[in-house]
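Quick note: numbers below take in every heavy atom, side chains included, and nothing from hydrogens, waters or symmetry partners. Within every chain, numbering begins at 1; the chains are lettered A, B, ... in the order of the sequence lines, protein sequences first and strands thereafter. Please read all numbers here as calculations on a predicted model, not as lab measurements.
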Amino acid sequence: MNDVIIDIRNLSKSFGSNQVLHNIDFTVQASQVVVVIGPSGSGKSTFLRCMNGLETAEGGTLLACGHTVVENGRMMSETRLDALRSEVGMVFQSFNLFPHLSVLDNITMAPRALRNTPRQQANEQGMRLLEKVGLAHKADVFPGTLSGGQKQRVAIARALAMDPKVMLFDEPTSALDPELVGEVLQVMQTLAAEGMTMIIVTHEMGFAREVADLVVVMDKGAIVEAAPPAQLFTAPKETRTRSFLQSVLVREGSPVQGCEPAIGSGR
Amino acid sequence: MDLDFSPVWDGWRALASGTLITLEITAAALVLGCVLGLLIGLGRLNPKRRLIYGFCTTYLTLVRGTPLLVQLFILFFGLPHFGIQLPAYVCGIFGLGIYSAAYVSEIVRGSIQSVEKGQMEAARSLGLPYKMAMRKVVLPQAFVRMIPALGNEFIALIKNSALVSLLTIADVMHEGEKIISVSYRSLEVYLAIAFIYLVLTGTTTLILRRTEKMLRADGRV
């Protein structure tokens, strides 16, 4: 548990004159499941995308999987970023499956192209991953024929095909119909149970409470509070955490047990 | 008014060989236009690479902004002043190809940029370098989207190829003019030529439509 997978010091990032990340410090240990929550526009996704270099940060230091992604505001070269990215899996809100490739080819493309894995071996691994996400019977179809939940499960399998050391999830269930959310969360829960290091941006509070080791609340580009779910959901320290949880849980209409006193009291 | 198509029938060999020349020149120009157009289009994707972007944009401005006929005449009558004497046939292919490339490049750029940003991001996040992501993920999708616009461009190219008859190339237009000059049956010959072009462009449309349908099958793209 003591391997540091991601180590972030003083990270900042701006889009033009608009600073979206303010001096963030953050560490993720191996096998830790971190859930990032917060109001929209709080910089959660940008923060996540910095971790595999999809966004360039211009201040601070970011280490991921032993690679220095950002050092004192300087990004590492594109070539070295490619090496890092093959060790960091990413799952997107809008799935981004490759529509011109079959489901199996979506999964095997990267290992075959980047690691020269022979087709047969890649296919075997692909089928194992598809079984894991419960979609082995869809190997030969094209993504256009899948439901949203199935697409996202394939996207998870695709990311796993590179044997990543850490998985980043950027609102993986936000684009799904409500009845399809469960199947995706279940796959993620299995992954977490297997010891995968995961950083998840989500609005699924129930999932955060059940699966996360650490819940991070972001607001206005800064980390407001970070605590284990039991503590964060029952006794949040910060006012901004409380007001955010209140708005979310009221909207969900079913405040989860243990949460009510802290939020209901509105101290 | 009586129409007399007999000069057309009598001259069918000349028209057929002219059609063949038209096809050859158009096909060669099409390949040149596509290859060059792909490169120019890729070069205009990133304005931050100033030199490449600047070169490609200048190319587009010059070639798209001047008449094809003038470009052909510059190649054919102008280059010899610099001691470069290209055969008419080569001038025709280069002239048409260079001209077509300008239009193809915009089709290429537009189609590539119409592929969702998430596709490139997903490919890059798996560790694929930019060029590999472009080749394996973005271009195959962009290609299917190019087809309708490329179809228009190919048809324009076939029709524009009639201009090379003015460079002494014996294309179908040129052969037709020769028949007119001895038979004075201009309407009939021009109608015949129009029909031949219609068959060529119609066939192109059909082939492209089939290709697109095939590529879009199975619910992909």
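When the candidates Gly89(A), Ala83(A), Ser86(A) are compared by the number of heavy-atom contacts under 4.5 Å with chain B, Ser86(A) comes out ahead. With chain B as partner, the option from Leu168(A), Asp82(A), Val88(A), Leu114(A) having the largest number of non-hydrogen pairs under 4.5 angstrom is Asp82(A).
Annotation: side chain to side chain contact (heavy atoms under 4.5 Å, CB included) contacts of Thr46(A) (sequence neighbours excluded): Lys13(A), Phe15(A), Val20(A), Leu21(A), Glu55(A).
Only the side chain of Arg49(A) comes within less than 4.5 Å of a heavy atom in chain B; its backbone stays farther off. Of the atoms belonging to Phe92(A), it is side-chain heavy atoms, and not backbone ones, that fall under 4.5 Å from chain B. Heavy atoms of Leu97(A) lying under 4.5 Å from chain B belong exclusively to its backbone.
Residue-environment remark: CD (Gln186(A)) stays at or below the threshold of 12 foreign heavy atoms within 6.0 Å. Counting heavy atoms of neighbouring residues, nucleotides and ligands inside a 6.0 Å radius, atom OH of Tyr197(B) exceeds 12 of them. For Phe77(B), the CZ atom counts as densely surrounded, since its 6.0 Å shell holds more than 12 non-hydrogen atoms of other residues, nucleotides or ligands. Counting non-hydrogen atoms of neighbouring residues, nucleotides and ligands closer than 6.0 angstrom, the CD atom of Gln120(A) reaches no more than 12 such neighbours. By the neighbour-count criterion of 12 heavy atoms within 6.0 Å, atom CZ of Phe143(B) is sparsely surrounded, having that number or fewer from other residues, nucleotides or ligands. For CZ of Arg115(A), the number of neighbouring non-hydrogen atoms (other residues, nucleotides, ligands) closer than 6.0 Å is greater than 12.
Using modelled atom types, one side-chain atom of His100(A) and one backbone atom of Lys136(B) make a donor-acceptor pair closer than 3.5 Å.
Counting only residues at least two apart or on different chains, no ring-ring contact (aromatic ring centres under 6.0 Å, His included) pair has a member in residues 102-139 of chain A.
Using a 4.5 Å heavy-atom cut-off against chain A, the contacting residues of residues 109-133 of chain B are Gly118(B), Gln119(B), Glu121(B), Ala122(B), Ala123(B), Arg124(B), Ser125(B), Leu126(B), Gly127(B), Leu128(B), Pro129(B), Met132(B). Residues of residues 39-62 of chain B never come within less than 4.5 angstrom of chain A, heavy atom to heavy atom.
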